[in-house]
Amino acid sequence: MSQSLIYRNRAVYELLMRGLYGRHYAARYSAIAGLVPDGAEVVDVCCGPATLYTRYLRAKSVDYTGLDLNKGFVAGVARAGGRGLVWNMRSDTPLPEADYVIMQASLYHFLPEPGPVLDRMLAAASKAVIVAEPVRNLATSRNRILATVGRRFTNAGDGRQAHRFTEATLDEFFGRYEPRIAQRSLIAGGREKLYVLSA
């Protein structure tokens with residue numbers, strides 16, 4: 001399936017993200033990077049253009065692997081000094097093992113049932129799984145034009161994703177993992193919610 005423009009061009013992707021998050025753009029990455037110690041092994045699921053690595057984790061000398069369906073994004077990871085793998089998260093293939101397995105702003109791609117994806121992340125992590133997911137979205141905006149744009153430009157290569165989490169539905173989903181939850185908090189000006197699950 002044809003990818004949306006934002007997934008075909010790193011510059012467009014970053015520009016859109018900066019527009020969406022405004023002054024909270026850097027905070028969404030630093031909140032996650034602050035949880036990863038120097039030298040850790042990291043698998044970044046649905047890594048996109050790997051901004052988390054290039055701007056925040058590379059300086060910490062992590063052993064980084066970025067997984068994404070987008071071949072262009074994966075090639076960019078390799079050019080930046082990490083390990084990039086083309087990966088379809090809808091398959092049942094076990095993920096590469098690492099200390100920390102991270103997913104940022106991508107869990108909604110697997111609605112209505114993202115449980116199997118998170119379960120594979122937990123199976124691959126030796127220390128923690130870190131998930132940050134938007135709970136305020138263009139696609140659920142009351143402005144019909146913004147909502148339409150948000151729904152139509154989210155095809156990462158496997159179809160449009162019309163559904164999104166709210167804070168309530170995200171909390172409900174993570175409720176099934178309650179014994180593993182070590183931390184939860186709103187980040188990026190309340191636009192994303194961060195969950196840390198013990199491995």
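Every heavy atom of this structure was used, including side-chain atoms; hydrogens, water molecules and symmetry mates were not.
Two rings, from Y108 and F165, have their centers 6.0 Å or more apart.
No option in L67, L69, D68 other than D68 meets the side chain to side chain contact (heavy atoms under 4.5 Å, CB included) test with V74.
Considering only heavy atoms from C-beta on, T51 comes within 4.5 Å of Y25 through its side chain. Taking 4.5 Å as the limit, every side-chain heavy atom of M103 sits out of range of all side-chain heavy atoms of L118. The closest side-chain heavy-atom distance from C47 to L52 is not below 4.5 Å.
The CG atom of L122 sits 8.0 Å away from the OG atom of S198 when rounded to the nearest 0.5 Å. The OH atom of Y29 sits 8.5 Å away from the OG1 atom of T54 when rounded to the nearest 0.5 Å. How far CG of L194 is from CD of Q104: 9.0 Å, rounded to the nearest 0.5 Å. Rounding to the nearest 0.5 Å places CG of L111 at 8.5 Å from CZ of F173. Note that CG of L170 is 7.0 Å distant from CG of L107, once rounded to the nearest 0.5 Å. Rounded to the nearest 0.5 Å, atoms CZ (R184) and CG (D171) are 7.0 Å apart.
Among residue pairs with one or both ends in residues 179-199, those qualifying as ring pair (Phe, Tyr, Trp, His ring centres under 6.0 Å) are F174-Y195; sequence neighbours excluded. Contacts classified as side chain to side chain donor-acceptor pair (under 3.5 Å) and involving residues 115-134 (residues at least two apart or in different chains) are given here: D99-S126, D119-Y177.
Of all the heavy atoms in A125 and A199, the pair that sits closest is O-CB, 3.1 Å. Shortest non-hydrogen contact noted between V135 and G190 is CG2-O, 3.7 Å. When every heavy atom of G72 is checked against every heavy atom of R79, the shortest pair comes out as O-NH2, 4.5 Å. Between E192 and A132, the shortest heavy-atom distance links the atoms OE1-CB, 3.6 Å. Considering every non-hydrogen atom in both A124 and P96, the closest pair reads CB-O, 3.5 Å.
Not counting sequence neighbours, the partners of T65 by the side chain to side chain donor-acceptor pair (under 3.5 Å) test are R83. In this structure, the salt bridge (charged side-chain N to carboxylate O under 4.0 Å, His left out) partners of E167, at least two apart in sequence or on a different chain, are K193. Shown here are the salt bridge (charged side-chain N to carboxylate O under 4.0 Å, His left out) partners of R176, two or more places apart in sequence or in another chain: E113.
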Begin with the C-alpha distance, continue with both residues' side-chain angles, and end with the deciding distance and a verdict on side-chain contact (heavy atoms from CB on, under 4.5 Å) for Y56 and I32.
CA-CA 9 Å; Y56 298 88; I32 294 173; over 6 Å; no

Stepwise side-chain contact (heavy atoms from CB on, under 4.5 Å) check, F110 with C46
CA-CA 11 Å; F110 307 98; C46 303; 4.0 Å; yes

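Counting only distance, with no hydrogens or angles, the side chain of R58 and the backbone of A80 share a donor-acceptor pair below 3.5 Å. Side chain of R136 to main chain of G189: a donor-acceptor pair is present (N/O by atom type, distance under 3.5 Å, no hydrogens or angles). Judged purely by atom type and a 3.5 angstrom limit, T169 uses its side chain to pair as donor or acceptor with the backbone of T166.
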Throw together a table of side-chain donor-acceptor distances under 3.5 angstrom for residues 33-44, partners on residues two or more places apart or in other chains.
residue, atom, partner, partner atom, Å
D44, OD2, Y64, OH, 2.7

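Both L197 and L95 belong to a single network of hydrophobic side chains, linked directly or stepwise wherever heavy atoms of I, L, V, M, F, W or Y lie under 4.5 Å apart. When hydrophobic clusters are built by joining Ile, Leu, Val, Met, Phe, Trp and Tyr residues whose side-chain heavy atoms come closer than 4.5 Å, directly or via intermediates, V86 is not grouped with M89. I181 is connected to M121 through a chain of hydrophobic side-chain contacts under 4.5 Å among Ile, Leu, Val, Met, Phe, Trp and Tyr, so both are in one cluster.
Counted within 6.0 Å of CD on Q183, heavy atoms from surrounding residues, nucleotides or ligands total more than 12; the atom is thus considered enclosed.
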